[in-house]
Amino acid sequence: MEEKDTSLATGCESPTADASNEAAQSAQTPNAGGEVGKKRSSFTGKIGFVLAAAGSAVGLGNIWRFPYLAAKYGGGIFILTYIILAVTFGFVLMIAEIAIGRKTGASAINAFKKLHKKWAFLGILCAVIPIIILPYYSVIGGWVGKYFFTYLTGSGAAAAGDTFFSSFIASPWQSLLFFALFVTVVFVIVLFGVEKGVEKTSKFLMPALVLLTIGVTIYTLTMPNSLEGVKYYLLPDFKKFSIGTVLGALGQLFYSMSLAMGIMITYGSYMKKENKIESSVHQIEVFDTGIALLAGLMIVPAAFVFSDGSPETLGQGPGLMFVALPKVFQTFGPVGGGILGALFFALVLFAALTSAISLMETVISIVIDKFRLSRRKACLITYIGTLLLGIPSALGFGAFKKVSIGGMTILDMMDFLSNSVLMPIAAFLTCVFIGYVIQCKTITDEIELNGKFAMKKFFNVMVKYVCPIGIAAILLTSILDVAGVFKL
């Protein structure tokens, strides 16, 4: 970063003052290009940071995952639960990670080490998570690319077929081809760097994503019987509330808002000191939640149009978008359905790209900081590694379909390991680290460089007491659920 970390002159009541001072000095010139003494790349301003961070948060978690979870867990009651958790748990975890990144000027693998050497292991854990997620996430991105290509070439009728999706993911060459194409596009974008690649791409994709979301949502709401879907989706039915609703919403929070995987720490390290962290986090949350809600307004009411909201349709999970919506698009004729399908999957592809960009950028930053390589070499290593690690997930529904771990496919296992095990562990340990090791003041001082931290007392209580208990509940329940001790 170009500015000094003046927050360290406040005299933190932390046992790691020396380590923090070291972090402040190194934050001025961390290695972003493989050569000691080079200044770390940074976003040009607050708008660039917010759009890039929102681009990270807004992805398949919002467009693909959020709607089917909302449908599964009762619609309106799930949304109400998610919003409450987003403005509490989500706010606290996001603001903490961004502050850690900006304070240390480093990616996750070095940030925790700079604040307290004995906690370097937490940085390693946060580094492992995006390395696991990026390959299988890119496989799903390839699926989206396949559907976009299908509609773009005028073959929307084929996409509406009952066996189109299952046949596609079972085909080794098709799965590998679209997976490789998706990874290559992300690689080319990220290769240009933070300002020329990530920031400029996000500034284009985010407004386009908003416009496409609003347009397709309005179109969906004009369909017959869509009002019943809107009622199910927006009106809370407290009879449908359960522990599964809470745990589903909490798990979605990590996935959707890019928490506990090092991304926000990395983006925070690119944030300039004059930009306000608290207001930026509020804007990112509004953007992220708004896109998720709009995505649900497209998909859930469409399910009611197509099947009158049958339990089989609403409960089919990940296939809700890929299987149900093409059938709905097809009912509007080859031209109208083709245009609508192309627009929709363009939207989803944009969302997948923005999050994949942030995942790859995070992994690249980790490689640079750990091995002192040039950015170009780190990009190439990450690109090749992603391709190799993603092959098992890409073939998990075809050539490797007989490989089952705990009754889950390879892709499902990677998702469970990262989202339901490692991310809750990382988030729990981050709260313990802030609340009881370096003390909350270390973080709140960084946030208050630009003025008063309005929600400081709330932050302190949440990070020390409420968040650790809630996150521990996610982890324990997820493991017991998979182990068969009980089912949600």
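Ring orientation note: the planes of F91 and F453 are tilted relative to one another, at an angle of 30° to 60°. Aromatic ring orientation, F304 versus Y232: tilted (interplanar angle from 30° to 60°).
Counting only distance, with no hydrogens or angles, the side chain of Y151 and the backbone of L343 share no donor-acceptor pair below 3.5 Å. Between the side chain of E278 and the main chain of A454, a donor-acceptor pair closer than 3.5 Å is present. Within the 3.5 Å criterion, the main-chain N or O of T150 finds a donor-acceptor partner in the side chain of T153. The backbone N or O of G337 lies less than 3.5 Å from no partner atom in the side chain of Q330, so there is not a single donor-acceptor pair. Remark: side-chain polar atoms of N62 are paired, donor with acceptor, to backbone N or O of D288 under 3.5 angstrom. Listed for the T245 side chain is no donor-acceptor partner under 3.5 Å among the backbone atoms of F241. Proximity of a side-chain donor or acceptor of Y137 to a complementary backbone N or O of L60 within less than 3.5 Å is detected. A donor-acceptor contact shorter than 3.5 Å is absent between the side chain of S171 and the backbone of S167. In this structure, T217 contributes its side chain and M298 its backbone to no donor-acceptor pair below 3.5 Å. Judged by distance alone, the side chain of E446 and the main-chain N or O of I100 form no donor-acceptor pair under 3.5 Å.
Smallest separation of non-hydrogen atoms from V300 and G229: CG1-O, 4.1 Å. In this structure, T163 and S166 approach most closely via the heavy-atom pair O-OG, 3.2 Å. The shortest heavy-atom contact between I132 and L417 is CD1-CD2, 4.1 Å. The heavy-atom pair separating V305 from P224 by the smallest distance is CG2-O, 3.0 Å. Taking both residues in full, the closest heavy atoms of P424 and I471 are given as O-CG2, 3.0 Å, listed atom of the first, atom of the second, then distance. When all heavy atoms are compared, the tightest approach of I434 to A96 is CD1-CB, 3.5 Å.
D415 CG to R65 CZ: the interatomic distance, rounded to the nearest 0.5 Å, is 5.5 Å. In this structure, the separation between CD1 on I391 and CD1 on I410 is 11.5 Å, given to the nearest 0.5 Å. In this structure, the separation between CG on L234 and CG on L80 is 11.5 Å, given to the nearest 0.5 Å. To the nearest 0.5 angstrom, S269 atom OG is 11.5 Å from M271 atom CE. The OH atom of Y233 sits 5.5 Å away from the CG atom of L297 when rounded to the nearest 0.5 Å. F179 CZ to S393 OG: the interatomic distance, rounded to the nearest 0.5 Å, is 8.0 Å.
When side chains are defined from C-beta on, C431 counts as touching L93, because their heavy atoms get closer than 4.5 Å. Counting heavy atoms from C-beta outward, M261 and L422 have side chains that stay 4.5 Å or more apart. Taking 4.5 Å as the limit, some side-chain heavy atom of K464 sits within range of a side-chain heavy atom of Y436. Residues L259 and F89 form no side-chain contact, since every pair of their non-hydrogen atoms from C-beta on lies 4.5 Å or further apart. Within the 4.5 Å cutoff, the side chain of I98 has no heavy atoms near those of the Y267 side chain. Looking only at side-chain heavy atoms (C-beta outward), F458 and T88 come within less than 4.5 Å of each other. Contact check for T104 versus F112: no side-chain heavy atoms found under the 4.5 Å cut-off. When side chains are defined from C-beta on, F66 counts as touching Q252, because their heavy atoms get closer than 4.5 Å.
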Mind running side-chain contact (heavy atoms from CB on, under 4.5 Å) on W143 and F345 for me, showing each step along the way? CA-CA 10 Å; W143 296 353; F345 284 105; over 6 Å; no
Go through it in stages, so that I can follow the logic: the residues are F168 and F397, the test is ring pair (Phe, Tyr, Trp, His ring centres under 6.0 Å), and I'd like the CA-CA distance, side-chain angles, deciding distance and then a yes or no. CA-CA 9 Å; F168 159 60; F397 300 90; over 10 Å; no
Report the C-alpha distance between I443 and I95 in whole Å, list the side-chain angles of each, state the deciding distance to 0.1 Å, and finish with yes or no for side-chain contact (heavy atoms from CB on, under 4.5 Å). CA-CA 9 Å; I443 299 301; I95 203 168; 5.9 Å; no
Verdict with supporting geometry, S280 and I277, side-chain contact (heavy atoms from CB on, under 4.5 Å): CA-CA 5 Å; S280 296; I277 295 178; 5.7 Å; no
Go through the steps for I140 and L411 under the test side-chain contact (heavy atoms from CB on, under 4.5 Å), then give the verdict. CA-CA 9 Å; I140 302 172; L411 190 148; 4.2 Å; yes
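By the ring pair (Phe, Tyr, Trp, His ring centres under 6.0 Å) test, F344 is found to be paired with F329, residues two or more places apart in sequence or in another chain being considered. A search for ring pair (Phe, Tyr, Trp, His ring centres under 6.0 Å) contacts involving Y219 returns F332, not counting sequence neighbours.
A donor-acceptor contact under 3.5 angstrom links the side chains of E361 and Y270, judged on distance only. A donor-acceptor contact under 3.5 angstrom links the side chains of Y136 and S418, judged on distance only.
For the salt bridge (Lys or Arg N to Asp or Glu O under 4.0 Å) condition, the pairs that include at least one residue of residues 319-331, sequence neighbours left out, are D162-K327.
In this structure, the ring of Y147 has its center less than 6.0 angstrom from the ring center of F164.
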